Q: 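Please see the structure below; I have some questions.
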Amino acid sequence: MPSNDVRILAQAAVPTVAVGAVAAVVSGVVAGGKGAIGAAVGTVIVIAFMGLGLYVLQRTAKSLPQLFQAMGLMLYAAQILLLFIFMAVFKNTTLFNPRAFAITLVAATVAWIAAQARAHMKAKILYVEPDSASTTSSKGDKPENSRHSS
């Protein structure tokens with residue numbers, strides 16, 4: 001992963017982990033150990049889904065830049081749908097507190113999206129690749145077989 005991608009990933013993951021930690025503490029106080037486990041599982045799922053989504057989106061941007069915007073919209077819709085599916089599947093679980101899980105899932109998702117949007121706005125990403133600009137300008141500056149008609 002290029003350094004910009006890693007920086008954006010870190011700037012999105014760190015606030016999400018912080019929200020998950022706060023949610024785990026609050027859930028642990030309110031719902032006991034199962035609440036803390038539910039919050040931790042919710043945080044891990046959000047970081048895994050959103051991190052994988054960011055990776056796929058960055059790969060798409062490099063290989064198929066014309067599909068970047070459509071892929072981004074489709075990816076976020078798929079991620080939100082998968083998170084709702086996870087909430088539905090674990091609605092009646094006894095492994096952890098489902099309410100703490102669901103609330104943390106939503107809070108961590110909002111934190112990730114907000115942090116990722118902020119990271120993209122603050123990133124200084126070049127719109128043009130410097131290598132491709134220098135090679136095309138040096139080739140196109142002076143035509144070799146130019147004839148002047150008088």
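In this text, all values refer to a predicted model and were calculated from it rather than measured experimentally. Throughout, residue positions are numbered sequentially from 1 according to the sequence presented.
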Q: Please test Gln11 against Arg118 for side-chain contact (heavy atoms from CB on, under 4.5 Å), starting from the C-alpha separation and ending with a verdict.
A: CA-CA 8 Å; Gln11 289 176 350; Arg118 183 180 184 281; 5.7 Å; no

Q: Do side-chain atoms of Lys34 reach the backbone of Thr94 as a donor and acceptor pair under 3.5 angstrom?
A: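 Flag set: sc Lys34 to bb Thr94 pair under 3.5 Å.
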
Q: How close do Ile80 and Thr109 get, counting heavy atoms only, and between which atoms?
A: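 Scanning both residues, the minimum pair turns out to be CD1-CG2, 3.9 Å.
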
Q: Do you know which two heavy atoms are closest between Leu105 and Ile45, and how far apart they sit?
A: CD1-CG2, 4.1 Å

Q: Are Phe101 and Val26 in one and the same hydrophobic cluster, where Ile, Leu, Val, Met, Phe, Trp and Tyr link if side-chain heavy atoms are under 4.5 Å apart?
A: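 Phe101 does not cluster with Val26.
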
Q: Give a yes or no on this: more than 12 heavy atoms of other residues, nucleotides or ligands lie within 6.0 Å of atom OH of Tyr76.
A: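 Enclosed.
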
Q: Would you sort out whether Gln58 and Thr60 count as a side-chain contact (heavy atoms from CB on, under 4.5 Å), showing the intermediate values?
A: CA-CA 5 Å; Gln58 295 303 330; Thr60 301; over 6 Å; no

Q: Run the side-chain hydrogen bond (donor to acceptor under 3.5 Å, both in side chains) test against Arg59 and tell me which residues pass, sequence neighbours left out.
A: Tyr55

Q: Supply the atom-to-atom distance Thr16 OG1 to Gln116 CD, rounded to the nearest 0.5 angstrom.
A: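 Reported value, rounded in 0.5 Å steps: 9.0 Å.
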
Q: If you take all heavy atoms of Ala12 and Ala115, which pair is closest and at what distance?
A: CA-CB, 3.7 Å

Q: Would you list the pairs meeting ring-ring contact (aromatic ring centres under 6.0 Å, His included) in which at least one residue belongs to residues 22-49, sequence neighbours left out?
A: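 Qualifying pairs: Phe49-Phe86.
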
Q: Could you tell me which residues satisfy side chain to side chain contact (heavy atoms under 4.5 Å, CB included) with Ile37, sequence neighbours excluded, listed by chain and number?
A: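 Applying side chain to side chain contact (heavy atoms under 4.5 Å, CB included) to Ile37 gives Val41, Phe96.
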
Q: Minimum heavy-atom separation for Thr104 and Ala23, please, with both atom names.
A: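 Scanning both residues completely, I find the closest heavy atoms to be OG1-CB, 3.4 Å.
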
Q: Should we say atom CD of Gln69 is surrounded by more than 12 heavy atoms from elsewhere, each under 6.0 Å from it?
A: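 Check fails, neighbour count at 12 or below.
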
Q: Show the nearest heavy-atom pair for residues Asn97 and Ala31, with the distance to one decimal.
A: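 Heavy-atom minimum between the residues: ND2-CB, 3.1 Å.
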
Q: Quick check: closest heavy atoms across Val19 and Ala111, and the distance to 0.1 Å?
A: CG2-CB, 3.6 Å

